[in-house]
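Chain A is the first sequence line, chain B the second, and so forth, proteins listed ahead of strands; every chain is numbered from 1.
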Amino acid sequence: MSQADIVFHNTLSGKKETFVPGNPEHVTVYVCGPTVYSYVHIGNGRPAVIFDVLTRLLRTRYPQVSYVSNITDIDDKINAAAAANGEEIATLAERYAQAYRQDVSALGVLAPDVVPKATHHIAEIIDMIETLIAKGHAYASADHVLFHVPSDGAYGTLAKRTLEDMIDGARVEVAGYKKDPKDFVLWKPSSDEQPGWHSPWGRGRPGWHIECSAMVKKHLGDSIDIHGGGSDLTFPHHENEAAQSRCANDDPSYVRYWLHNGMLHLGTEKMSKSLGNVLTIRALLESHSSEVLRYALLSGQYRSSLTWSDELLAQARASLDSLYQSLRDATAETSQTSADMQGLKQADYPDTVVAALCDDLNTPRALAAMHELATQLRRATNGEEKTAALQQLLAGGWLLGLLHQNAEDYFTQGQPGDAATLSADEIEALIARRKAARADGDYAGADRIRDELLTAGIELEDSREGTRWRKI
RNA sequence: GGCUGGGUGGCAGAGUGGUUAUGCAGCGGACUGCAACUCCGUUAACGCCGGUUCGAUUCCGACCUCAGCCUCCA
């Protein structure tokens with residue numbers, strides 16, 4: 001019984017294509033991470049979460065998946081930030097690199113197999129630049145090394161624009177040392193204050209794009225299956241990266257599937273560091289649970305833009321609550337969470353969720369399927385049905401990186417920013433007093449206690465088994 | 001200006017040439033001392049104008065409009 005093909009929208013063709021790995025025994029994935037000179041914003045979290053779901057899916061199907069996601073730790077903005085607060089450049093970059101790992105880890109993102117950094121790959125970068133020069137695709141000029149764009153016949157095929165298109169509204173600086181205005185920097189000289197490494201072209205540092213080419217080659221090879229990143233990286237970053245790699249590697253199929261996620265918006269505009277309209281993950285975690293943030297990120301298909309707002313977060317929380325509510329009813333006797341569902345057989349993951357994800361990571365459809373599974377679980381009339389539905393729901397939760405908390409804890413521990421101030425013991429004591437009042441027929445007194453709790457952010461749910469509570 | 005991708009019910013967001021997801025919210029009912037939870041039922045949509053078709057939200061064309069990239073950006 002063969003299962004559904006995985007289909008991805010490939011930026012290269014502009015179409016959905018069936019995913020056929022170069023080597024089904026070993027699938028290779030590379031995703032561009034952030035440049036670390038400040039805390040990352042929630043927009044940076046989107047590719048981290050999306051491609052986390054991608055690798056979770058791939059790993060249910062392929063025996064080996066190598067996932068590499070870099071951190072850019074050499075960049076003029078890093079230099080500027082370090083200079084601004086009198087800090088060592090490497091210290092600042094490392095501090096924010098660690099913060100990035102913490103932030104995306106909080107979003108439930110599993111660590112990639114390798115998280116390479118540009119500064120640890122200077123030798124590989126220099127090697128690749130030398131190769132490009134030797135093959136006539138790059139040249140040294142005025143202490144710089146430049147990639148000669150017209151030397152690559154395939155240039156522009158990713159971003160789908162011709163050289164003529166680019167000359168039209170070009171805002172490129174016309175540096176005198178460039179043979180062609182579109183030529184871009186592979187290596188540039190450093191002043192004494194700037195970080196630099198010795199090279200055949202003097203002390204200097206790499207340009208932006210070459211690090212990814214070098215790190216992909218080192219960790220995954222000359223040709224890989226999937227390369228992901230934000231849609232704003234398509235041009236020039238990925239176009240340039242692809243040009244470098246295919247010219248240096250003699251392999252025209254540098255990347256078989258290019259996947260680009262859409263941007264997060266704040267209001268009508270893209271969330272962007274340069275515009276300054278960003279919400280850091282760190283700040284959001286002060287008033288929202290990390291899982292709500294992840295749910296919100298998954299509530300839109302990854303290629304579309306997603307407008308980030310308080311309403312989105314409120315709806316994400318309400319929706320996640322409803323999934324946990326069905327788990328709470330079902331998991332009284334088990335401590336299982338989705339974290340226990342890693343590494344199941346393919347067939348043990350729910351078909352509907354898998355099918356949605358196989359269709360170009362359609363996470364909104366996958367979430368819809370999760371809610372349908374939750375409904376099945378609530379409707380289950382016997383233990384067998386209930387167990388089966390529970391397993392399905394939790395297994396789907398694993399694929400999406402949701403439902404890893406114990407349902408009871410989810411509701412009683414509350415979330416950052418909740419109004420609740422009472423301790424569990426105080427709440428239980430009030431519930432006991434209310435129970436006594438009800439037993440005495442003192443409904444007015446019982447309701448007073450319930451209202452008091454509600455004011456304190458605690459909602460009660462009565463059932464035959466007793467009264468339970470949740471923070472709201 | 002060039003290139004790319006959108007405009008779906010109160011909100012978010014899938015999908016489809018005819019039976020019209022899912023979540024939140026709303027409405028009616030059941031349950032409850034009353035609520036909450038849960039269950040049952042239910043309202044409501046496809047930017048605009050043409051075309052193709054027995055039939056289009058779905059295909060084609062024009063238009064309006066929004067966003068992204070063309071500079072650092074996930």
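Side-chain N/O atoms of A:Ser274 and base N/O atoms of B:C72 include a donor-acceptor pair closer than 3.5 Å. No hydrogens or angles were tested; on distance alone, a donor-acceptor pair under 3.5 Å links the side chain of A:Arg450 to the base of B:A35. For A:Asp462 against B:A35, a side-chain N or O and a base N or O form a donor-acceptor pair under 3.5 Å. With hydrogens and angles ignored, no donor-acceptor pair closer than 3.5 Å exists between the side chain of A:Arg379 and the base of B:C39. Put simply, the side chain of A:Gln315 and the base of B:C11 share a donor and an acceptor less than 3.5 Å apart. Side-chain atoms of A:Arg365 and base atoms of B:G13 include no donor and acceptor less than 3.5 Å apart.
B:C63 and B:C49 have their C1' atoms separated by 7 Å, with the value rounded to a whole Å. B:C39 and B:G7 are spaced 32 Å apart, taking the P atom of each and rounding to whole Å.
For A:Ala368, taking side-chain heavy atoms from C-beta onward, the closest of the listed nucleotides B:A21, B:C70, B:C39 is B:A21.
B:A74: no Watson-Crick or G-U partner with both key distances under 3.5 Å is found in any strand. A 3.5 Å limit on both hydrogen-bonding distances identifies no Watson-Crick or G-U partner for B:U52. Shown here, B:G23 forms a base pair with B:C11; the pair counts as Watson-Crick or G-U wobble because both key distances fall under 3.5 Å. Under the Watson-Crick or G-U wobble criterion, with both distances below 3.5 Å, B:U38 is paired with B:A30.
Side-chain polar atoms of A:Tyr254 and A:Gln244 form no donor-acceptor pair below 3.5 angstrom.
Taking the six-membered ring where tryptophan is involved, the planes of A:Tyr324 and A:Phe411 are perpendicular, since the angle between them exceeds 60° and thus also 30°.
Rounded to a whole Å, the CD1 atom of A:Ile42 is 14 Å from the P atom of B:A74. When rounded to the nearest whole Å, the span between CG of A:Leu453 and P of B:C37 equals 16 Å. Rounded to whole Å, the distance from CG on A:Asn10 to C1' on B:U4 is 14 Å. If you measure from atom CD of A:Glu372 to atom C1' of B:U22, you get 6 Å, rounded to the nearest angstrom.
Along RNA chain B, the nucleotide closest to A:Leu367 and the one closest to A:Lys160 are compared, and the more 5′ of them pairs with A:Lys160.
Counting any heavy atom pair closer than 4.0 Å across all strands shown, A:Arg434 reaches a base atom.
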Side chain to side chain contact (heavy atoms under 4.5 Å, CB included) assessment of A:Cys212 paired with A:Asn70 = CA-CA 8 Å; A:Cys212 288; A:Asn70 74 305; 4.1 Å; yes
Could you go through the side chain to side chain contact (heavy atoms under 4.5 Å, CB included) check for A:Ile226 and A:Arg256 one step at a time?
-> CA-CA 6 Å; A:Ile226 296 170; A:Arg256 279 179 286 283; over 6 Å; no
